[in-house]
Protein chains: 2
Amino acid sequence: MKKQIIAAKDSQPRPKRADAQRKVGSLLKAATEVFAESGVDAPVREIAERAGVGLGTVYRHFPQRSDLIVAVFQSNVDACADTAPVLADKHPPLKALSLWMERYVDFIATKRGLCKALYSGDAAYKALPEYFNSRLRPALMSLLDGAVEAKAVRPGTDPNDLLVAVANLCNAGYGRDPQHARRMAKLLVDGLRYRAED
Amino acid sequence: MKKQIIAAKDSQPRPKRADAQRKVGSLLKAATEVFAESGVDAPVREIAERAGVGLGTVYRHFPQRSDLIVAVFQSNVDACADTAPVLADKHPPLKALSLWMERYVDFIATKRGLCKALYSGDAAYKALPEYFNSRLRPALMSLLDGAVEAKAVRPGTDPNDLLVAVANLCNAGYGRDPQHARRMAKLLVDGLRYRAED
DNA sequence: GTATTAGCGGAACGATGTTCCGCTTCTTCA
DNA sequence: TGAAGAAGCGGAACATCGTTCCGCTAATAC
């Protein structure tokens, strides 16, 4: 017991129970879907129901509504960023870059309602843009580097420029053709191929 | 009666009852104060209470919460714009311009929470920026023209530039020194005096 | 002065975020 | 394996909003 007390000082709080981890998983999944369909203003109850979980469970894991939003955003950013190395392994550099851009477009498409929250000035969301950059920038950077090295794409492109540009493309045309952003993103990548050999 | 029917076709619905006009007045005043203190998310009940008015009365005059917000914004813009000719009458051109900028800074200061609403994409607020420009631009323009004519200020300044610049100054430093924006605005006006004679 | 009705106040409704607590079920340890 | 012990669960209950409704009040017209 003394051991426990001493150990407790710097040990993690304790691993979560297995079922709890599962519930958090379904919550994030359900919330991602609901936010994509109805925006971030969707009621917590709807998310709980879709996840097959009680309201109390939601608030146990995410004490505030905004905590859930933040967690969903981060987990989606992670999922998108983690795709990069996988694609890089399975495809030649240019193809990998192109496929990842599609993946990124899809990610942005599910985040429509979020800009509102981001611009709300709410302190809960202060860290999100930074997180977005810290994860997605390196992911895209590595794909760009690979493609440049393979002489498939011109050098000197700032990954942030691309990320921002595509995000703007997605948000510009509102209720329009959902394929529009995909085509425009592809056009950007094609643009990168110009003067690839210089 | 025939007369009435014919007249009804193009006559106004009918003048509002005197007490109703009074209530609308106190509602706008109360809402202006509450919005300035607590932001546009303040509950309708709080505004009704401060105005000494029932909830039903609020909704009779402003069927939706957003209607009240729009009305407050417009009436405040009007009040600010209407100050310009008054100041121009009572003071020399440069002094009038300077005083009006102070007035404008105070107006912006009470509108903190509103940017959130403006950027929310809610259709109810679509017309507000246009209204802002249509009233404030000419007001400032006339003051600028007066000062230019008196050789107190350099010519060629776009009133919109000034309006936007000051608005940004006010919103930049958040919980900071409330006098900061005033000082910066004064600095801008002083800047206008440079090369006034050219 | 009386009739008409615009306008008033606030109770009531429905939706939503959040809290609370008795019950369930996972984990641990003998 | 089985029985504490506690982490975790579910959903009723509460508080707060926006909004609706309706019986009553009082301003207006004649």
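In the text below, chain A, chain B and the rest are named by the order of the sequence lines, each starting its count at 1.
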(message) Using a 4.0 Å heavy-atom cut-off, does A/Ala48 contact any base of the nucleic acid, only the sugar-phosphate backbone, or nothing at all?
(response) nothing
(message) In this structure, how many angstroms lie between the P atom of D/dA7 and the CZ atom of A/Arg60, rounded?
(response) 8 Å
(message) Looking at B/Ala79, is its backbone amide N or carbonyl O close enough to the side chain of B/Asp82 to form a donor-acceptor pair, meaning the two atoms are under 3.5 Å apart?
(response) no
(message) Could you tell me how far apart B/Asp122 (CG) and D/dG18 (P) are, to the nearest whole angstrom?
(response) 14 Å
(message) Whether the side chain of B/Asp106 engages the backbone of B/Arg103 through a donor-acceptor N/O pair (distance < 3.5 Å, no angle test) should be reported.
(response) no
(request) Specify the residue among A/Val24 and B/Asp19 whose closest nucleotide of DNA chain D lies further upstream toward the 5′ end. (result) A/Val24
(message) What I want to check is whether the side chains of A/Asp67 and A/Tyr59 have a donor and an acceptor closer together than 3.5 Å.
(response) no
(request) Encode nucleotides 9-22 of chain C as B, S and - characters from 5' to 3', where the letter depends on protein heavy atoms closer than 4.0 Å: B to the base, S only to sugar-phosphate, - to neither. (result) BB-B---BBBB---
(request) Check whether any side-chain N or O of A/His61 sits under 4.0 Å from OP1 or OP2 of D/dG8, and answer yes or no. (result) no
(message) So for atom CD, which belongs to A/Gln21, do other residues, nucleotides or ligands contribute more than 12 heavy atoms lying within a distance under 6.0 Å?
(response) yes
(message) How many whole angstroms separate atom NZ of B/Lys16 from atom P of D/dA29?
(response) 16 Å
(message) In terms of relative ring orientation, are A/Phe73 and A/Phe132 parallel, tilted or perpendicular, with 30° and 60° separating the classes?
(response) parallel
(message) Should the side chain of B/Arg17 and the base of D/dA27 be counted as holding a donor-acceptor pair, with the cut-off at 3.5 Å?
(response) no
(request) Treating Ile, Leu, Val, Met, Phe, Trp and Tyr as nodes and any side-chain heavy-atom pair under 4.5 angstrom as an edge, say whether A/Met141 and A/Leu97 lie in one connected cluster. (result) no
